[in-house]
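Okay, structure first, notes after.
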Amino acid sequence: MRKTSEALLLAFHDLELVLEVCDRVMLIDNGAIVTNGNPREVMGDVALMEAHGLERPHSLTPHTETHHGREQ
């Protein structure tokens with residue numbers, strides 16, 4: 001990935017894509033910045049996400065159920 005000293009503001013609803021391409025996120029609700037930081041930390045906070053009508057991205061959900069007969 002190419003690095004730049006410039007900032008780029010992107011608005012996404014696809015949180016899985018955010019995890020892939022962003023190194024910093026801002027959670028904005030009702031026009032106000034609620035928090036910002038590392039995407040995995042911000043979006044992994046279930047209480048925070050739910051308080052703002054969002055779900056934690058599927059890839060951040062621990063998989064405890066068996067898959068093809070094996071524990072994950």
Side-chain angles (χ1 to χ4, degrees):
M1 182 190 296
R2 204 170 93 202
K3 296 282 185 179
T4 179
S5 61
E6 299 170 358
L8 179 62
L9 176 64
L10 304 169
F12 286 108
H13 290 274
D14 181 344
L15 301 182
E16 295 293 342
L17 181 59
V18 171
L19 288 172
E20 289 183 33
V21 301
C22 298
D23 58 6
R24 180 175 173 215
V25 297
M26 289 184 168
L27 174 56
I28 300 174
D29 192 1
N30 202 27
I33 297 172
V34 175
T35 190
N36 72 85
N38 178 286
R40 292 190 172 278
E41 292 173 10
V42 171
M43 294 189 297
D45 185 333
V46 176
L48 174 69
M49 296 293 280
E50 288 179 354
H52 297 282
L54 300 167
E55 293 182 6
R56 174 175 44 182
H58 179 72
S59 64
L60 294 181
T61 302
H63 298 281
T64 57
E65 296 180 23
T66 59
H67 180 72
H68 300 288
R70 295 178 297 202
E71 287 284 325
Q72 294 292 313

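Predicted, not measured: the structure shown is a model, and the values here were computed from it.
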Identify all side-chain donor-acceptor contacts of residues 10-17 below 3.5 Å with residues at least two apart in sequence or on another chain.
| residue | atom | partner | partner atom | Å |
| --- | --- | --- | --- | --- |
| D14 | OD1 | E16 | N | 3.2 |
| D14 | OD1 | L17 | N | 3.1 |
| E16 | OE1 | S59 | OG | 2.7 |
| E16 | OE2 | H58 | N | 2.8 |
| E16 | OE2 | S59 | N | 2.9 |
| E16 | OE2 | S59 | OG | 3.4 |

For this session: Provide the closest heavy-atom pair for E55 versus M49 in the form atom of the first, atom of the second, distance.
Result: O-CE, 3.5 Å
Without placing hydrogens or testing angles, list every side-chain donor-acceptor pair under 3.5 Å for residues 30-46, not counting sequence neighbours.
| residue | atom | partner | partner atom | Å |
| --- | --- | --- | --- | --- |
| N36 | OD1 | R24 | NE | 3.2 |
| N36 | OD1 | R24 | NH2 | 3.0 |
| N38 | OD1 | R40 | N | 2.8 |
| N38 | OD1 | E41 | N | 3.2 |
| D45 | OD1 | A47 | N | 3.3 |
| D45 | OD1 | L48 | N | 3.0 |

For this session: Treat each ILVMFWY residue as a node, draw an edge where side-chain heavy atoms are under 4.5 Å apart, and state whether I28 and L19 are in one component.
Result: no
